2 protein chains.
Amino acid sequence: MEQENQGPAFADFRAPLYEVKANLFKGLAHPVRIRVLELLSAAPEVSVSDLLSATGLEASHLSQHLSVLRRYRLVTSDRRGLQQFYTLADPLVAELLAVARGLLENVLHATKEDLETATVPRPSSTTRDTL
Amino acid sequence: MEQENQGPAFADFRAPLYEVKANLFKGLAHPVRIRVLELLSAAPEVSVSDLLSATGLEASHLSQHLSVLRRYRLVTSDRRGLQQFYTLADPLVAELLAVARGLLENVLHATKEDLETATVPRPSSTTRDTL
DNA sequence: TGATTGTTTGATGATTCTATCATTTAAGAA
DNA sequence: TTCTTAAATGATAGAATCATCAAACAATCA
């Protein structure tokens with residue numbers, strides 16, 4: 001009784017791959033977690049304190065999402081003194097986010113054109129904002 | 001009242017990008033939808049009938065997930081006669097799945113080693129199964 | 001030791017998602 | 001028209017997830 005694994009997470013071998021994969025995406029399916037992973041993508045490691053000030057979240061709220069990310073093995077953590085540092089578990093996590101962004105740009109762009117139905121010649125650069 | 005958009009989906013411009021991105025992953029976060037997208041990744045287009053027989057799902061169940069995929073703009077559909085054909089909305093969807101698989105292989109492999117704690121020299125090739 | 005800062009855990013109600021049933025729309029054939 | 005097949009929709013109960021709060025734990029310093 002000393003495993004920190006509680007939920008189904010996805011370290012469940014023997015499960016069909018598409019289920020494991022769906023689980024991976026489930027782990028990514030929250031704005032707070034995306035934000036954290038983006039921050040971790042930009043630096044080799046980030047402390048919880050820094051994540052807190054960068055996101056403005058309540059500590060317990062952030063911690064809960066960090067725990068989810070840990071459970072899904074998307075990040076690893078390491079305590080040094082009073083602070084806890086988090087790192088991406090694999091560089092492919094960052095790549096996944098990058099591909100997602102590319103896809104989003106394509107889809108949003110297509111949708112935008114769709115909405116405007118070939119009316120405006122140029123919609124004032126793209127909708128690149130925050131992050 | 002003739003828009004087919006009902007849920008929050010993600011064509012919501014003006015939302016911060018990390019939220020839109022989380023939404024994208026939410027759209028992917030179900031085994032049935034992953035399976036469908038994998039099938040669509042392997043062929044230029046697939047009919048609902050073929051998806052039904054390939055997955056063994058109940059028609060309305062599949063249809064509901066197809067509707068989610070449509071709402072999230074991950075697929076497009078096209079009716080020809082009696083049958084409805086589905087296509088990936090963007091090749092990056094397939095790439096996203098490919099990166100996810102790579103990540104999964106890394107993480108699962110690492111986890112496995114972790115579980116075996118450096119005991120067995122070679123765990124009989126990788127856990128590549130179904131799909 | 002006790003106080004302090006940093007981080008995690010547990011419990012709760014509210015919200016969202018899933019699977020299944022029954023119903024409905026659409027296209028084509030008889 | 002009426003029948004059959006293809007697919008989508010609507011409603012619903014049960015499961016999962018989220019945000020919030022209070023409490024616990026860990027490491028350092030006085």
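Only a predicted model underlies this, so the values are computations on that prediction, with no experimental measurement involved. Residue numbering restarts at 1 for every chain, and letters A, B, ... go by the order of the sequence lines.
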d(CZ, A/R79; P, D/dA27) in whole Å:
6 Å

Starting from A/L66, can I reach A/F85 by hopping between I/L/V/M/F/W/Y residues whose side chains sit under 4.5 Å apart?
no

Rounded to whole angstroms, how far apart are CG on A/L57 and C1' on C/dT7?
14 Å

Base, sugar-phosphate or nothing for B/Y86? Non-hydrogen atoms, less than 4.0 Å.
sugar-phosphate

For D/dT17, take OP1 and OP2 only and decide whether either is under 4.0 Å from a side-chain N or O of A/R33.
no

Separation of A/Q83 atom CD from C/dT8 atom P, in whole Å?
11 Å

Is the shortest side-chain N/O distance from A/R70 to OP1 or OP2 of C/dT8 below 4.0 Å?
yes

Any donor-acceptor pair under 3.5 Å linking the side chain of B/R33 with the backbone of B/V68?
no

For D/dA19 and A/H65 - does any side-chain N or O of the residue sit under 4.0 Å from the phosphate oxygens OP1/OP2?
yes

What is the distance, rounded to the nearest whole Å, between atom CG of B/D78 and atom C1' of C/dA27?
15 Å

Just call it for A/A59: base, sugar-phosphate, or nothing, with non-hydrogen atoms closer than 4.0 Å on any strand.
base

Short side-chain N/O contact from B/H61 to OP1 or OP2 of D/dA8, under 4.0 Å:
no

By nearest-nucleotide position on DNA chain D, the 5'-leaning member of B/L62 and A/R80 is B/L62

Do side-chain atoms of B/T55 reach the backbone of B/L51 as a donor and acceptor pair under 3.5 angstrom?
yes

B/V75 vs B/L37 side-chain heavy atoms within contact, under 4.5 Å:
yes

Looking only at side-chain atoms of A/L82, point me to the closest of D/dA26, C/dA19, D/dC18.
D/dA26

What does the inter-axis angle of the helix from C/dT1-D/dA30 to C/dA30-D/dT1 come out as, five pairs per end, nearest 10 degrees?
10°

Atom CD in B/E95, atom CG in B/D90: separation rounded to 0.5 Å?
9.5 Å

Any side-chain N or O of A/H30 below 4.0 angstrom from OP1/OP2 of D/dA19?
yes

With distance as the sole criterion, is a donor-acceptor pair present between the side chains of B/Q83 and B/S49 under 3.5 Å?
yes

Let me know the distance between CG of B/L51 and C1' of D/dA8, rounded to the nearest Å.
14 Å

Heavy atoms, side chains only, cut-off 4.5 Å: are A/L97 and A/S41 in contact?
yes

What integer distance in Å separates B/R35:CZ from C/dT18:P?
16 Å

Name the nucleic acid region contacted by A/S60, choosing base, sugar-phosphate or nothing; use a 4.0 angstrom heavy-atom cut-off, strictly under.
base

Think B/S49 has a side-chain N or O under 4.0 angstrom from the OP1 or OP2 of D/dA7?
yes

Separation of C/dG13 P from A/Q64 CD (nearest whole Å)
16 Å

Minimum side-chain heavy-atom gap A/V93-B/L103 below 4.5 Å
yes

For A/N23 and D/dA16, what is the distance between atoms CG and P respectively, to the nearest whole Å?
12 Å

